[in-house]
Each structure stands twice: as C-alpha cells, then as structure tokens.
Peer 1: 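Mind having a look at this structure? Questions to follow.
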Amino acid sequence: MAWAVRRDHRHVLATVPIQSPLGSELLVDVAPSERLRSAHVIRDDGCRRSGGAAAADVLSALPSTRVLGRLARSLPRATALLYGMVAARRKSFGRLVGKEARRRADDLLGASSAPTAAELDARSRSQI
C-alpha cells in the first residue's frame, strides 16, 4: 500500500489501519479473522472490494497505473489468482525488501492514514 500512497500525487487514496477502531467500523461486515487476509477498498458509495478487486481499484485510481487497473478489472479471475499468490508470500517479499524499507513504508502509511471517520469523510469531500 505504501507503494500506491507514494504515487498518489492527487491524494485520492486514504489509508486506514485494518486493526484500528475505524478499520473495524469500516470492515464490520468482514469477520475479524478474515480482515488481515487481504487489502480492502471502501469506495465513496460504501461498496467494499477486497483482494484482487481492491488492487484493481487502487491501480485504477493512480494515473501512472490506470491502464494496469483496467487490465486487472477486465481479468478478475487472473487478478484474484495473482493477488492470492503474492499475498500468500508477503512475508517472503518483506524479507526481500528489508527492514529499513519496511520501516519507511510503515512511517508513510502512519502519516497518511485517516484516524477518524470525520477525517476520512473530510478527505473524501475534498476530492470532489
């Protein structure tokens, strides 16, 4: 997610930690044991998409990856399969990236996350 936030120059993405009170509120329809299994996107209209579908939404939101987002949306099964393969190996990818890069990513996500529903709503309205 830090990769996407770093490229989000228009600030259309807002991050919320899944395990935060706001994350729990936004994912109330997802079993707590399932929340960390994939990334989730909650659209302005309240529609939730997870896994490969969420990745397609994030890619579509960024000008530099919009074409990849369209491709991902046009091939939902392949996107879900690829997302699942990467997600199942996230610890291995984390080791390849290294501790310092993970720390920088955590710092970036922490600085860009919306701590309250009011702030998330304000960010959403500022994008209109």
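If you're wondering where the values come from, they're calculated on a predicted model, not measured in any experiment.
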Peer 1: Could you grab the distance from atom CG of Leu71 to atom OG1 of Thr79, nearest 0.5 Å is fine?
Peer 2: 6.5 Å
Peer 1: So, applying side-chain contact (heavy atoms from CB on, under 4.5 Å) with Trp3, which one of Thr65, Asp8, Val58 is it?
Peer 2: Thr65
Peer 1: Sub-3.5 Å donor-acceptor pair from the side chain of Tyr83 to the main-chain atoms of Ser50, do we have one?
Peer 2: no
Peer 1: Out of curiosity, does Val86 fall in the hydrophobic cluster containing Leu96 (side-chain heavy atoms, cut-off under 4.5 Å, transitive links)?
Peer 2: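 Yes.
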Peer 1: Would you indicate whether Arg43, at its atom CZ, is surrounded by more than 12 heavy atoms from other residues, nucleotides or ligands within a distance under 6.0 Å?
Peer 2: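 More than 12 within 6.0 Å, yes.
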Peer 1: Please report the shortest heavy-atom distance between Ser60 and Arg66, naming the atom on each side.
Peer 2: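 The answer is O-NE, 3.1 Å.
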Peer 1: Donor-acceptor pair, Arg89 side chain versus Gly84 backbone, under 3.5 Å?
Peer 2: no
Peer 1: Under a 4.5 Å side-chain heavy-atom rule over Ile, Leu, Val, Met, Phe, Trp and Tyr, are Val12 and Val5 clustered together?
Peer 2: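 Per the 4.5 Å side-chain linkage, Val12 and Val5 are co-clustered.
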Peer 1: Quick one, Lys99 with Arg103, criterion side chain to side chain contact (heavy atoms under 4.5 Å, CB included). Give me CA distance, side-chain angles, the key distance, then yes/no.
Peer 2: CA-CA 6 Å; Lys99 287 182 183 179; Arg103 185 198 58 76; over 6 Å; no
Peer 1: Any chance you could lay out the salt bridge (charged side-chain N to carboxylate O under 4.0 Å, His left out) test for Arg102 and Asp106, step after step, and finish with the verdict?
Peer 2: CA-CA 6 Å; Arg102 288 193 314 268; Asp106 288 344; over 6 Å; no
Peer 1: Applying a strict under-4.5 Å side-chain criterion to I, L, V, M, F, W and Y, I'd like to know whether Val16 and Ile18 cluster together.
Peer 2: yes
Peer 1: Below 4.5 Å, heavy atoms only, C-beta onward: do Met1 and Leu13 meet side chain to side chain?
Peer 2: yes
Peer 1: Distance from Leu62 atom CG to Leu68 atom CG, nearest 0.5 Å?
Peer 2: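 The CG atom of Leu62 sits 10.5 Å away from the CG atom of Leu68.
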Peer 1: In chain order, what residues pass the side-chain hydrogen bond (donor to acceptor under 3.5 Å, both in side chains) check against Asp29, with sequence neighbours excluded?
Peer 2: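 Counting only residues at least two positions away or on another chain, Asp29 forms a side-chain hydrogen bond (donor to acceptor under 3.5 Å, both in side chains) with Arg48.
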Peer 1: Return yes if some donor-acceptor pair links the side-chain N/O of His40 with the main-chain N/O of Gly51 below 3.5 Å, else return no.
Peer 2: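 Checking the backbone N and O of Gly51 against the side chain of His40, no donor-acceptor pair under 3.5 Å is found.
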Peer 1: Could you give the distance from CZ (Arg6) to CG (Leu109), rounded to the nearest 0.5 Å?
Peer 2: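 Going from the CZ atom of Arg6 to the CG atom of Leu109 covers 8.5 Å.
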Peer 1: Quick one: does Arg49's side chain have a donor or acceptor within less than 3.5 Å of a partner on Val41's backbone?
Peer 2: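 Not confirmed, Arg49 side chain does not pair with Val41 backbone.
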Peer 1: Just checking Arg73: does its CZ atom have more than 12 heavy atoms from other residues, nucleotides or ligands closer to it than 6.0 angstrom?
Peer 2: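 Buried by this count: over 12 neighbours within 6.0 Å.
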Peer 1: Quick one, Gln19 and Ser24 - any side-chain contact, counting heavy atoms below 4.5 Å?
Peer 2: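 The answer is no; the side chains never approach within 4.5 Å.
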Peer 1: Which distance, rounded to the nearest 0.5 Å, do you find between the CG of Leu75 and the CG of Leu82?
Peer 2: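 Interatomic distance, Leu75 CG to Leu82 CG, rounded to 0.5 Å: 11.0 Å.
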